[in-house]
S.K.: 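Okay, handing you the structure first.
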Amino acid sequence: AQRVTQPEKLLSVFKGAPVELKCNYSYSGSPELFWYVQYSRQRLQLLLRHISRESIKGFTADLNKGETSFHLKKPFAQEEDSAMYYCALRNTGFQKLVFGTGTRLLVSP
Amino acid sequence: GAVVSQHPSRVICKSGTSVKIECRSLDFQATTMFWYRQFPKQSLMLMATSNEGSKATYEQGVEKDKFLINHASLTLSTLTVTSAHPEDSSFYICSAERTGYEQYFGPGTRLTVT
C-alpha cells in the first residue's frame, strides 16, 4: 500500500537557520512526489513536485529512490515560511494523492 | 487562474438533517474533482474521486449512501452529507484537477452537526 510518513509534527527554527522537513514514502511502483503548503487561514497549495526539479521560494526537494525519501530543504528559513507542510504521493498515471500527516514549521525571529 | 471555490464555508446543521456542499472550479474545466475530509490536527483523507458524468469512486470505508457525490458539470461537484450525525462534524475540502496540471484545492467547509 502507498504510504507517506512525515515523522515530525512540529519543526521550530530561528530565522536564517537551515530547514529540512522529512518525508519518507512506501510504494512499490514509480511514484510522483509533491510538497503542499498551507499558510495560516489559507487553502492548501502546491509548493513543488519532484518531476519539475525546480526551486520554489528557496525550497528544494530531491527524490531519493534508494532511501524512499523526498525531504524538503531550505538553506535559510524566513518567518513567512511558517506554515503547515504536507508531503504527498501519487501513483504515476493515476490521479489520487496520498498525503502525509503534515509538519508544522515555525520560524521565529 | 485555477481557482476553486467551496460553498458554504461554514455550516451548522441538526442531527438527522442533510447538508450539501458545493465545489466549483471558477476559471477552468475540471473533469475530475476530489473530496477530502480533515480532522483537527490530522492529514487530509481522501473520501472519493468524482468524474464528470459518471459515478464517484469512493475510498474504502467511506459510505457512499451517506456521502452522496454528484459531478454534473465540468465546473461543479457537490457533496451531500445525508442524515448527518455529530461524528460527521469535520472540515471537508474539495480539489479539482485541470487535465495535465496539478490539483487545485478549495478553501474548505467546516461542518458542525449538533
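Scope of the values below: all heavy atoms of this structure, side chains included, with no hydrogens, waters or symmetry mates. Naming convention: chains lettered A, B, ... in sequence-line order (proteins, then strands); numbering from 1 in each chain.
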S.K.: With a 4.0 Å cut-off, would you call B/E59 and A/K96 a salt bridge?
M.R.: yes

S.K.: Answer with yes or no after comparing the ring centroid distance for B/Y36 and A/F99 against a 6.0 Å cut-off, counting only values under it.
M.R.: yes

S.K.: Distance only, no hydrogens: is a donor on one side chain within 3.5 Å (strictly under) of an acceptor on the other, for B/T32 and B/N51?
M.R.: yes

S.K.: Check each atom of A/F34 against the heavy atoms of chain B and say whether the ones under 4.5 Å are side chain, backbone, both or neither.
M.R.: neither

S.K.: Under 30°, 30 to 60°, or over 60°: which ring-plane class applies to A/Y36 and B/F105, parallel, tilted or perpendicular?
M.R.: perpendicular

S.K.: Using heavy-atom distances under 4.5 Å, tell me whether B/Q6 contacts chain A through its side chain, its backbone, both, or neither.
M.R.: neither

S.K.: Below 4.5 Å from any heavy atom of chain A, which atoms of B/E97 appear? Answer side chain, backbone, both or neither.
M.R.: side chain

S.K.: Which atoms of A/Y86 come close to chain B, meaning under 4.5 Å heavy atom to heavy atom: side chain ones, backbone ones, both, or neither?
M.R.: side chain

S.K.: Where do B/W35 and B/S50 land on the side-chain hydrogen bond (donor to acceptor under 3.5 Å, both in side chains) test, with the steps shown first?
M.R.: CA-CA 8 Å; B/W35 287 96; B/S50 167; 5.3 Å; no

S.K.: So for A/R104, is it side chain, backbone, both, or neither that comes closer than 4.5 Å to the heavy atoms of chain B?
M.R.: neither

S.K.: Answer with side chain, backbone, both or neither: which region of B/L46 has an atom nearer than 4.5 Å to a non-hydrogen atom of chain A?
M.R.: side chain

